[in-house]
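Contents: one structure, followed by commentary.
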Amino acid sequence: MKRGISMIELKRRDFLKYSGIGGALLLSKIYPVGLIENAFSENVKEVKLTAAINTVDLGNGKKFKAWTYNGQMPGPEIRVKEGEILRIAVKNNLPEETTVHWHGLPVPNKMDGVPHVTQKPIQPGKTFIYEFKATPPGTYMYHSHFSYQLDRGLYGSLIVEPKKTERSYDREYVLILEDWATVDGGGPDASKMGRTKPGMGMMGGMMGRQPGGPLLEPRYDLYTINGKVFGASPFKVRKGERVRLRIVNPSSSTIYTIRIAGHPLTVTHTDGRPVLPFEVDALRIGMGERYDVELYANNPGKWHIYNIRDDSWASGWMLGSIVYKGIESKDYNYDNTGRLRINDYRFLEGMDEQYVKPVTGIDKIYRMTLSGGMMSPYWTINGRVYPESDDIAIKPGERIRFEYSNHSMMPHPMHLHGHFFEVVGSGGRTGVRIKKDTIIIPAHMGWGALEFVADNPGIWIHHCHNLYHLAAGMANLVKNI
Ligand code: C2O
Ligand code: CU
């Protein structure tokens, strides 16, 4: 684990240090009105992220050129306590523009990092300072929201720890699941550029215009956890430990069904929000989703972490391993027998919490048909390609319901910026109630529904978290102004 290696905590501002008039003036410049009072009693955590191209070693002896934060892939873990002010200076040393999005955190609109929607992109050589309050607690991620940069390595985990610990663990790991296209020898960048389908329309990628139409998905041929291939960096545990795993999927195009051989997993949170503990044998996790699970280490050995499903190129792929301390055997154990219990939104039950209130009643319903992929390089919402897709015009405080039906052959993890929502229907069943920010709409006439309160003003993007679908138009704007 490369936990927070180059995260720089420069200063803790506290009341004593900044109680003078100079301090007050300084803070009033930095904080929006309303936060000033809190700023005296709460810590500011300053972080520097420098985006640049670097050589990375995935642990298989091959070197790749990846786009990195602080030279690392994934980027440094950002870990704060609930209520702290995060001030993140993003320096752009890339050859193109960039922005950073704090995926899942309901930040103020201006801080949301969507180019041309919430901010002007950060030009090469320039720095942009993001600042927001870290709340509610949970497992999040940050990533570039510009062009295809997410698929080139620009992502990392963002953990907001609760003020009061809900439950203590003997050990904690963050597992970031990553898909790679390494063919053509040049890493994700070169292999993707080699796969542009020429002459398909004028519009191009939405987050940064790509000339010549959207890129086709590359063929992924390598999967890693925390930037390391299977065997390169096992997760160590001791017998008897209760281990918390925060599993994060910033992959561009892979839904995993992850199994840790020899161990059931107890799901405790999805997208940072608590659920009633639910035991599974394998964890299905789409792009943009996060799950916190508990693993009880009571089965000593060396165990594979692998993908069990055959609905992606990652089928059967070994991603990593869990190794008990003191185990000498050379072999890893793999198991995949019998029927495995897998999470499904319909099985999970959300918990009451102080942060995200249940939605009571509905003011407006929007129905969205997701399609594309067949005979066309574009992916659409209600037949339209972003930015020509219809806006969703809502008003502050309204209670909104989205209903999706998926007329395409691929599942789409739909993500709404700036809000948590309640999943209220999935796979044909209503009565589901879990809080999330990303919902997988199953393929082949799959159906899903969510509800949220428009409590965060601004213009927010809502899109499929398959990066190639996003770039090919599967997005629209939710205008809460
Ligand atoms: Cu993970 Cu629009 O973002
Ligand atoms: Cu999609």
Side-chain angles (χ1 to χ4, degrees), residues 74-75 98-107 109 111-119 121 138-151 154-158 176-179 205-208 214-217 248-255 271-272 285-290 311-312 368-374 376-382 385-387 389 404-421 436-444 446 448 458-478:
T98 195
T99 60
V100 182
H101 171 56
W102 318 98
H103 178 115
L105 269 175
V107 300
N109 192 253
M111 297 291 122
D112 197 45
V114 181
H116 308 297
V117 176
T118 68
Q119 71 172 102
T139 303
Y140 303 93
M141 62 189 198
Y142 63 93
H143 61 78
S144 164
H145 215 289
F146 193 89
S147 187
Y148 297 94
Q149 292 176 2
L150 170 68
D151 207 15
L154 287 173
Y155 50 77
S157 58
L158 170 49
I176 304 180
L177 312 178
E178 301 142 339
D179 52 7
M206 55 119 332
M207 294 187 297
L215 301 186
L216 291 187
E217 270 171 63
V248 179
N249 184 4
S251 292
S252 293
S253 176
T254 308
I255 298 177
D271 297 348
I285 177 169
M287 298 80 89
E289 290 191 298
R290 292 91 59 212
D311 58 358
S312 75
M368 288 179 248
T369 300
L370 310 176
S371 45
M374 312 232 297
S376 154
Y378 292 107
W379 292 88
T380 59
I381 298 179
N382 291 341
V385 167
Y386 182 86
S389 51
Y404 304 90
S405 52
N406 183 354
H407 291 197
S408 77
M409 316 292 267
M410 283 183 78
H412 303 288
M414 301 301 293
H415 172 53
L416 173 64
H417 283 216
H419 304 76
F420 286 100
F421 51 70
K436 286 179 67 55
D437 54 59
T438 306
I439 174 178
I440 300 178
I441 310 299
H444 308 288
I459 299 179
W460 302 98
I461 197 163
H462 159 251
H463 63 87
C464 176
H465 220 281
N466 177 309
L467 183 63
Y468 293 83
H469 297 183
L470 165 58
M474 192 172 263
N476 56 14
L477 295 179
V478 175

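Every value quoted in this text rests on a predicted model; they were computed, and no experiment measured them. Counting convention: from 1, in listed order, for ligands and their atoms alike.
- In summary, no N, O or S atom of His415 is located under 2.8 Å from atom 1 (Cu) of ligand 1.
- Counting only N and O atoms by type, the side chains of His463 and His417 include a donor and acceptor under 3.5 Å apart.
- Atom 1 (Cu) of ligand 1 lies closest to atom NE2 when only the N/O/S atoms of His143 are considered.
- Residue His103 counts as close to atom 1 (Cu) of ligand 1, with an N, O or S atom under 2.8 Å.
- Minimum-distance N/O/S atom of His465 relative to atom 1 (Cu) of ligand 1: NE2.
- Judged by distance alone, the side chains of Asp112 and Thr118 never bring a donor and an acceptor atom under 3.5 Å apart.
- Only protein atoms were considered; those of element N, O or S under 2.8 Å from the Cu ion (ligand 2) number 3.
- Side-chain N/O atoms of Thr380 and Ser371 include a donor and acceptor closer than 3.5 Å.
- Side-chain contact of Asp437 with Tyr140: a donor-acceptor pair under 3.5 Å is absent, judged by distance alone.
- Atom 2 (Cu) of ligand 1 lies under 2.8 Å from an N, O or S atom belonging to His145.
- In this structure a side-chain-to-backbone donor-acceptor pair under 3.5 Å is missing from Thr438 to Glu289.
- Between His103 and His143, the ring planes lie tilted relative to each other; the angle falls in the 30° to 60° range.
- Put simply, the side chain of Ser252 does not reach to within 4.5 Å of the side chain of Met287, judged on heavy atoms.
- At least one N/O/S atom of His463, whether from backbone or side chain, sits less than 2.8 Å from atom 2 (Cu) of ligand 1.
- Ring pair His462/Tyr404: centre-to-centre distance below 6.0 Å.
- Within His417, NE2 is the N, O or S atom that lies nearest to atom 2 (Cu) of ligand 1.
- Using modelled atom types and a 3.5 Å distance limit, the side chains of Gln119 and Thr99 yield no donor-acceptor pair.
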